There are 2 protein chains.
Amino acid sequence: MTDELIVDCQLRSGLELFAHTWDPLVIVALRGEPLRRRVLKNAIGGVSDKVLTESLHRLLANGLVARRSFAEAPPRVEYALTPLGRTLLEGPLLALGHWLEGHAEELLAAQEASEAG
Amino acid sequence: MTDELIVDCQLRSGLELFAHTWDPLVIVALRGEPLRRRVLKNAIGGVSDKVLTESLHRLLANGLVARRSFAEAPPRVEYALTPLGRTLLEGPLLALGHWLEGHAEELLAAQEASEAG
DNA sequence: CCGTATCCGTATTGATACTG
DNA sequence: CAGTATCAATACGGATACGG
């Protein structure tokens, strides 16, 4: 009974994890090894320094991404998924990916049909 | 190989389905029977007429929601999920719901920890 | 009841240039 | 390389009032 309401309620806060344009893409970009900031930026593509910083701050604040800096001559910082971040990637994000694989065509068809009409 | 790139690419367009604040909530609200506009609005709560209209137009254009109007004395219009919309609900959206059930606490803990520090 | 139009405050984005 | 500061553009959400 309360089940549905709770889900709906939490859903609203959960959706914010996907609401910011770049946050999910950062997570996907970090699916493999830890990446340096510059590499991460290039891996995503089309994101500005400022926005990437904001995105990383949110992800850090939510415990989805971890930051590690090395005291070296050329400054080095690496970002990686936390275990929690990885569950988000392998759960909801992967589910969305699978859904798209199976329904992207159908989605496109509907979009074109509505433009025609 | 191309697999990952394709997923990433599609993911960007797929994420737009969740990017607009109210779209996913409309889908969840329509999980049961078809609803009249007013009922739908109340079921969601906190959404304005204008924004609800925009949201419905997007969902209609994407083939996720269907509109049916009845030629009756008090105008009646009902909105319902399409089969495609239902797959989105039962796939990615449900996955997010499940993830939240299992990790909401962990997420909150991380958020509070970062505020404290 | 259904839907649209208008106005407005705010948040998000992005380009650029600058500091450590 | 990493990260911040500033400024401009705009997209989004919301209140209200009006038309079918």
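First the proteins, then the strands, lettered A, B, ... as listed; each starts at 1. For clarity, every value in this text was computed on a predicted model and none was experimentally measured.
- Here the C1' atom of nucleotide D/dC1 and the CZ atom of A/R68 are 18 Å apart, to the nearest Å.
- Rounded to the nearest 0.5 angstrom, B/T21 OG1 and A/E16 CD are separated by 8.5 Å.
- Taking atom CG of residue B/L60 and atom P of nucleotide C/dC2, one finds them 15 Å apart after rounding to whole Å.
- Here B/R12 contributes atom CZ and A/L100 contributes atom CG; the two are 14.0 Å apart, rounded to the nearest 0.5 Å.
- When each of A/R36 and B/G46 is assigned the nucleotide of DNA chain D with its nearest heavy atom, A/R36 is the one assigned upstream, toward the 5' end.
- Between A/L56 atom CG and D/dA2 atom P the separation is 11 Å, expressed in whole Å.
- Taking a 4.0 Å limit (strictly below) on heavy-atom distances, residues 70-78 of chain A reaches DNA chain C at A/P75.
- A distance-only check finds no donor-acceptor pair linking the side chain of A/R58 to the backbone of A/L17 [under 3.5 Å].
- Regarding B/L52, its CG atom lies at a distance of 16 Å from the P atom of D/dC12, rounded to whole Å.
- One finds no side-chain N or O of A/R37 lying less than 4.0 angstrom from the OP1 or OP2 phosphate oxygen of D/dA2.
- Looking only at side-chain heavy atoms (C-beta outward), A/L56 and A/L40 come within less than 4.5 Å of each other.
- Residue side chain A/K50 reaches the base of C/dT13 through a donor-acceptor N/O pair under 3.5 Å, judged by distance alone.
- Using modelled atom types, no side-chain atom of B/R31 and backbone atom of B/L81 make a donor-acceptor pair closer than 3.5 Å.
- A distance of 7.0 Å separates OG in A/S55 from CD1 in A/I44, rounded to the nearest 0.5 Å.
- The backbone N or O of A/D49 lies less than 3.5 Å from a partner atom in the side chain of A/T53, making a donor-acceptor pair.
- Separation of atoms CG (A/L25) and CZ (A/F18) is listed at 11.0 Å; rounding is to 0.5 Å.
- Distance from the side chain of A/E54 is smallest for C/dT13 among the nucleotides C/dT13, D/dG13, D/dC1.
- Following rounding to the nearest Å, B/H57 (NE2) and D/dC12 (P) show an atom-to-atom distance of 16 Å.
- Of the residues in residues 16-29 of chain A, none has a non-hydrogen atom less than 4.0 angstrom from any atom of DNA chain D.
- Here C/dG20 presents its C1' atom at 15 Å from CG of A/D49, a figure rounded to the nearest Å.
- Helical stems in DNA chain C, defined as runs of 3 or more consecutive Watson-Crick or G-U wobble pairs with donor-acceptor distances under 3.5 Å: C:3-20 with D:1-18.
- Of the candidates C/dA15, D/dT4, D/dG14, D/dT4 carries the atom nearest the A/T53 side chain, counting heavy atoms from C-beta on.
- Between the CD1 atom of A/I44 and the C1' atom of C/dG14 there is a distance of 15 Å, given to the nearest Å.
- Counting non-hydrogen atoms of other residues, nucleotides and ligands closer than 6.0 Å to CD of A/E105 gives a total of 12 or fewer.
- Spacing between atom CG of B/L40 and atom C1' of C/dC1 amounts to 14 Å, rounded to whole angstrom units.
- Atoms CG and CG, on B/L35 and B/L30 in that order, are 5.5 Å from each other to the nearest 0.5 Å.
- Contact between A/P24 and B/L15 at its shortest, heavy atoms only, is CB-CD1, 3.7 Å.
- Note that CG of A/L96 is 5.5 Å distant from CG of B/L11, once rounded to the nearest 0.5 Å.
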